[in-house]
Amino acid sequence: MSSPIEVQRAKRLKALSQNAVGRMRLAQWVGPVAAIFSVFLLLFFLFQSGFFSLFQTAPKIKPEISPVSPQMSGTNTIIQGFDKNGLGYTITSLSAVQDKTEKDVAHLGSPAGVFQRSAGGPLKLTSQSAVYNSKTKALTLSGQVVFEQQGRYKALMEKAAMNVDTMDLSSQSSVQVELNNGSVAADHLEISDGGKKTLFTGHVKANLQTDINSEIAP
């Protein structure tokens, strides 16, 4: 039979053993948690320091490409507008191709224009080809160029330069003008000031019965 002292000693040993087991279990649980927490803290500090950005794939930089004027092409093209005096005009062409280097320039095939005039009816023009600048309103015509205002005059030349805004005209080749009461031939024709001034130069030959300026004005 055990004495009271031995019983108390056994209880103490049992309590110590249970405490030791509890500490071991706590240590087994705390260890992994502490390790996970340590890893979390490490990852957090690495992220904050920008460490991971060193491994990210750099975004691809697209090379800068200079804008290129789109190639415009079409058939039965129509150009419409008003000159500085508010008179309307319409230019049609069988074909139109935008210039490769100048976006405001178009090459017209077989253009035909109708320009409204304050007196004498509309002015009509035709040619084999033309170059039109939509910014400057310059129209350069070539090949069998004809300017005609019904009942007033008909001018024929191979090359001419015209501004559809100011209605100024300059022949780039010899010109033949047919009038109701005669004709005029010259190396050069220039019409300016909106048709108020008409000048023939270079080997001028005229057969007229009235004043030229009263007859020729776009």
Side-chain angles (χ1 to χ4, degrees), residues 62-150 152-178 184 186-202 212-213 215-218:
K62 295 182 179 180
E64 294 186 1
I65 302 175
S66 301
V68 179
S69 301
Q71 276 290 300
M72 178 194 72
S73 61
T75 57
N76 300 321
T77 302
I78 300 176
I79 300 171
Q80 293 180 311
F82 296 88
D83 63 20
K84 69 175 185 179
N85 294 317
L87 298 174
Y89 62 83
T90 300
I91 302 172
T92 61
S93 64
L94 296 181
S95 64
V97 178
Q98 186 171 348
D99 191 84
K100 294 181 179 179
T101 58
E102 298 183 59
K103 65 178 181 179
D104 299 316
V105 175
H107 300 266
L108 309 179
S110 300
V114 178
F115 300 83
Q116 300 301 323
R117 297 292 84 203
S118 58
L123 170 68
K124 298 180 180 181
L125 74 83
T126 59
S127 69
Q128 292 181 338
S129 62
V131 178
Y132 177 67
N133 189 315
S134 60
K135 186 176 182 179
T136 63
K137 307 299 181 182
L139 183 65
T140 304
L141 304 133
S142 59
Q144 300 179 13
V145 181
V146 178
F147 288 88
E148 182 177 9
Q149 194 170 25
Q150 189 94 28
R152 298 190 69 189
Y153 73 90
K154 183 177 182 180
L156 302 90
M157 62 203 80
E158 279 300 309
K159 295 181 180 181
M162 180 182 183
N163 188 292
V164 298
D165 184 47
T166 63
M167 291 302 294
D168 291 342
L169 168 69
S170 175
S171 68
Q172 307 299 307
S173 61
S174 60
V175 57
Q176 177 76 33
V177 181
E178 299 175 358
V184 179
D187 291 340
H188 182 72
L189 166 65
E190 185 172 348
I191 300 175
S192 59
D193 198 12
K196 295 179 181 179
K197 297 180 180 179
T198 303
L199 178 64
F200 288 94
T201 57
I212 297 175
N213 284 317
E215 293 294 329
I216 303 178

Heavy-atom pair of closest approach, residues [X] and [Y]:
X	Y	answer
Met162	Leu125	SD-CD2, 3.8 Å
Met157	Val175	CE-CG2, 3.7 Å
Asp168	Ser192	OD1-CA, 3.3 Å
Ala186	Phe200	CB-CD2, 3.7 Å
Leu87	Ser118	CD1-N, 3.8 Å
Val164	Met167	O-SD, 4.0 Å

Distance-only, no hydrogens or angles: does the [X] side chain make a donor-acceptor pair with backbone N or O of [Y] under 3.5 Å?
X	Y	answer
Asp83	Asn85	yes
Ser134	Asp104	yes
Gln98	Lys103	yes
Ser173	Lys159	yes

Separation between [atom1] of [X] and [atom2] of [Y], rounded to the nearest 0.5 Å:
X	Y	atom1	atom2	value
Glu158	Ser174	CD	OG	8.0 Å
Thr166	Lys137	OG1	NZ	12.0 Å
Thr92	Ile78	OG1	CD1	7.0 Å
Thr140	Leu108	OG1	CG	10.5 Å
Glu190	Leu199	CD	CG	6.0 Å

Under a 4.5 Å cut-off applied to non-hydrogen side-chain atoms, are [X] and [Y] in contact?
X	Y	answer
Leu189	Val184	no
Phe147	Leu169	yes
His107	Tyr132	no
Leu123	Tyr153	yes

Worksheet entry | Gln172 versus Ser170, side-chain donor and acceptor atoms under 3.5 Å |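 Ser170 vs Gln172: donor-acceptor pair found between side chains.
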
Worksheet item: Taking everything shown except Gln144 itself, do over 12 heavy atoms lie less than 6.0 Å from its CD?
Response: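 Atom CD in Gln144 is not packed in, count stays at 12 or less.
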
Worksheet item: Do Leu156 and Glu178 pass the side chain to side chain contact (heavy atoms under 4.5 Å, CB included) test, and can you show the C-alpha distance, the side-chain angles, and the key distance before you say yes or no?
Response: CA-CA 8 Å; Leu156 302 90; Glu178 299 175 358; 4.1 Å; yes

Worksheet item: Which residue pairs pass the salt bridge (Lys or Arg N to Asp or Glu O under 4.0 Å) test with at least one member in residues 84-97, sequence neighbours excluded?
Response: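 Matches after skipping sequence neighbours: none remain.
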
